[in-house]
2 protein chains.
Amino acid sequence: MRKDSRLSRMLHVLVHLHQLQQAVTSDQLALMLHTNPVVVRRTMSLLREQGYVSAVKGHGGGWTLAKPLHEITLLDIHRSLSESSLFTIGLTDEHNNCPIEKAVNLAIDDVLQEAEALVLQRFGEVTLDKLATGYTPR
Amino acid sequence: MRKDSRLSRMLHVLVHLHQLQQAVTSDQLALMLHTNPVVVRRTMSLLREQGYVSAVKGHGGGWTLAKPLHEITLLDIHRSLSESSLFTIGLTDEHNNCPIEKAVNLAIDDVLQEAEALVLQRFGEVTLDKLATGYTPR
DNA sequence: ATTTTATGTAACTTATGATGTTTCTTAAGG
DNA sequence: CCTTAAGAAACATCATAAGTTACATAAAAT
């Protein structure tokens with residue numbers, strides 16, 4: 001299953017934007033991420049919609065931070081990028097009336113929801129300025 | 001990203017095998033799972049390799065439990081099915097020398113590893129007999 | 001005004017891995 | 001020897017992030 005690396009990439013970009021202190025074009029970011037500018041625009045536009053970055057067209061344009069790093073958490077970016085599930089595990093819905101299927105799905109979902117809550121809480125605790133100064137694990 | 005529903009499906013199958021107390025063919029299981037017998041064999045064979053089920057060929061053959069449900073945990077089945085990651089989030093590895101990328105990946109991976117450990121622990125706490133008698137969430 | 005530089009966006013292709021399908025082989029019971 | 005079943009190889013399908021092509025739009029430089 002192909003992994004979604006957008007969170008990793010966008011965090012990387014945001015910290016670089018902070019350090020460069022100037023507008024950076026999609027082409028430049030694409031070189032940095034070893035991808036192409038359309039992928040950059042597509043993904044960055046999700047952050048723009050949430051007010052984390054700004055885009056300016058034309059000469060001297062490009063992307064800049066719209067908020068300081070200490071006001072942005074991993075959770076903010078994660079939420080901007082995806083409403084889809086965090087897990088590769090899916091539940092079946094083949095038999096709405098089978099009590100065994102219900103028990104199985106309840107047991108799995110119970111665990112996954114607990115884990116997802118943990119991830120979201122931890123993501124919410126990490127502001128991006130911590131990544132700029134060398135992150136040390138818990 | 002397509003979800004991996006094998007855990008859900010196989011748990012469902014194992015509990016049914018326990019309740020039926022007789023060999024069940026791949027064709028029967030395929031009907032039950034709304035899929036086809038080759039998919040059943042492919043997935044069940046992973047559980048057979050780990051000693052959780054047995055397969056018998058020919059007349060009267062099919063699949064049976066090789067261990068009682070109380071000796072099998074969700075973790076056992078999860079591990080039999082997949083070595084791949086639990087998460088849809090992936091890390092980038094585009095710049096081995098960039099300290100920002102390293103900090104970003106460390107921060108994300110730190111959280112995901114904690115969450116994965118939680119999932120594995122919880123899965124390890126649930127034996128399949130609990131699913132047969134109506135699972136109640138924590 | 002025109003050119004250049006940049007984002008915005010639609011449409012299409014590619015890559016990946018679970019899932020689905022076809023076909024044949026092998027083994028066991030009747 | 002026929003039927004039933006698993007085993008297994010080869011190939012197709014599906015979903016989605018990622019990649020690509022092409023063009024429109026906007027802003028600054030000339």
Side-chain angles (χ1 to χ4, degrees), chain A residues 1-10 12-13 17 22-49 53-64 66 78 80-94, chain B residues 1-10 12-13 17 22-49 53-64 66 78 80-94:
Chain A
M1 218 170 293
R2 173 169 274 205
K3 295 303 197 70
D4 183 347
S5 62
R6 291 179 300 170
L7 178 61
S8 179
R9 281 179 153 180
M10 289 303 100
H12 191 178
V13 164
L17 286 182
Q22 58 181 349
V24 181
T25 67
S26 301
D27 282 69
Q28 292 174 302
L29 293 178
L31 283 173
M32 199 184 98
L33 295 178
H34 298 179
T35 180
N36 75 66
V38 177
V39 172
V40 171
R41 289 189 197 108
R42 184 189 296 153
T43 317
M44 290 291 284
S45 71
L46 298 171
L47 306 189
R48 189 196 56 214
E49 288 166 7
V53 294
S54 306
V56 173
K57 287 184 175 183
H59 274 277
W63 298 91
T64 48
H78 170 69
S80 301
L81 295 175
S82 178
E83 325 79 52
S84 70
S85 167
L86 205 53
F87 298 100
T88 55
I89 291 179
L91 306 181
T92 57
D93 195 19
E94 286 150 351
Chain B
M1 213 171 300
R2 171 170 278 205
K3 296 303 196 69
D4 183 347
S5 63
R6 291 178 299 170
L7 178 61
S8 180
R9 281 178 154 180
M10 289 302 100
H12 191 178
V13 164
L17 285 183
Q22 59 181 351
V24 181
T25 67
S26 301
D27 282 68
Q28 291 175 302
L29 294 177
L31 283 173
M32 200 184 98
L33 296 177
H34 298 181
T35 179
N36 74 66
V38 178
V39 172
V40 171
R41 288 188 196 110
R42 185 189 294 151
T43 317
M44 289 290 283
S45 69
L46 297 171
L47 306 189
R48 188 196 56 214
E49 288 166 9
V53 294
S54 306
V56 173
K57 288 184 174 183
H59 273 278
W63 299 90
T64 48
H78 171 68
S80 301
L81 295 175
S82 177
E83 325 79 55
S84 71
S85 166
L86 204 55
F87 298 101
T88 56
I89 291 180
L91 306 180
T92 57
D93 193 20
E94 285 150 350

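Throughout, protein chains are lettered first and strands after them, A, B, ... in sequence-line order, and every chain is numbered starting at 1. Values reported hereafter were calculated over all heavy atoms of this structure, with side chains retained and with hydrogens, waters and symmetry mates removed.
The CG atom of B:L29 sits 12 Å away from the C1' atom of D:dA5 (whole-angstrom rounding). Taking atom CE on B:M44 and atom P on D:dA8, their separation rounds to 15 Å, with Å as the unit. Rounded to a whole Å, the CZ atom of A:R9 is 7 Å from the C1' atom of D:dA18. Residue B:L31 contributes atom CG, which lies 13 Å from atom P of C:dG20 at whole-angstrom precision. In this structure, A:M10 places its CE atom 9 Å from P of D:dA18, rounding to the nearest Å. Whole-Å rounding puts the A:F87 CZ to C:dA18 C1' distance at 19 Å. Atom-to-atom, CG of A:D27 to P of C:dT4 comes out at 16 Å; the value is rounded to the nearest Å. Remark: P of C:dA18 and CG of B:L46 are 10 Å apart, rounded to the nearest angstrom.
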**Item:** Annotated protein contacts, base or backbone, on nucleotides 20-30 of chain D with a non-hydrogen cut-off under 4.0 Å, one of B, S, - each
**Value:** BBB--BSBBS-
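Contacts of B:S45 classified as side-chain contact (heavy atoms from CB on, under 4.5 Å), with partners at least two apart in sequence or in another chain: B:R48. Listed by chain and number, the residues in a side-chain contact (heavy atoms from CB on, under 4.5 Å) with A:V38 are A:N36, A:R41, A:R42 (sequence neighbours excluded). Evaluation of the side-chain contact (heavy atoms from CB on, under 4.5 Å) rule for B:T43 yields B:R6, B:M10, B:V39, B:L81 as partners, not counting sequence neighbours. For B:H59, there are no ring-ring contact (aromatic ring centres under 6.0 Å, His included) partners at least two apart in sequence or on another chain.
Using a 4.0 Å cut-off, no side-chain N or O of B:T25 falls inside it from OP1 or OP2 of D:dA5. When the side-chain nitrogen and oxygen atoms of B:S5 are compared with OP1 and OP2 of C:dT19, one or more of them lie within a distance under 4.0 Å.
Formation of a donor-acceptor pair under 3.5 Å by the A:T92 side chain with backbone atoms of B:L33 is not found in this model. Within the 3.5 Å criterion, the main-chain N or O of B:S85 finds a donor-acceptor partner in the side chain of A:T88.
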Taking distance alone, no hydrogens or angles, what donor-acceptor pairs closer than 3.5 Å link side-chain atoms of residues 24-32 of chain A to residues at least two apart or in another chain?
residue: A:T25; atom: OG1; partner: A:Q28; partner atom: N; Å: 3.1
residue: A:T25; atom: OG1; partner: A:Q28; partner atom: OE1; Å: 3.3
residue: A:S26; atom: OG; partner: A:W63; partner atom: NE1; Å: 2.8
residue: A:Q28; atom: OE1; partner: A:T25; partner atom: N; Å: 2.9

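Counting only heavy atoms from C-beta on, B:R6 has its side chain closest to C:dA18 among D:dG19, C:dA18, C:dG8.
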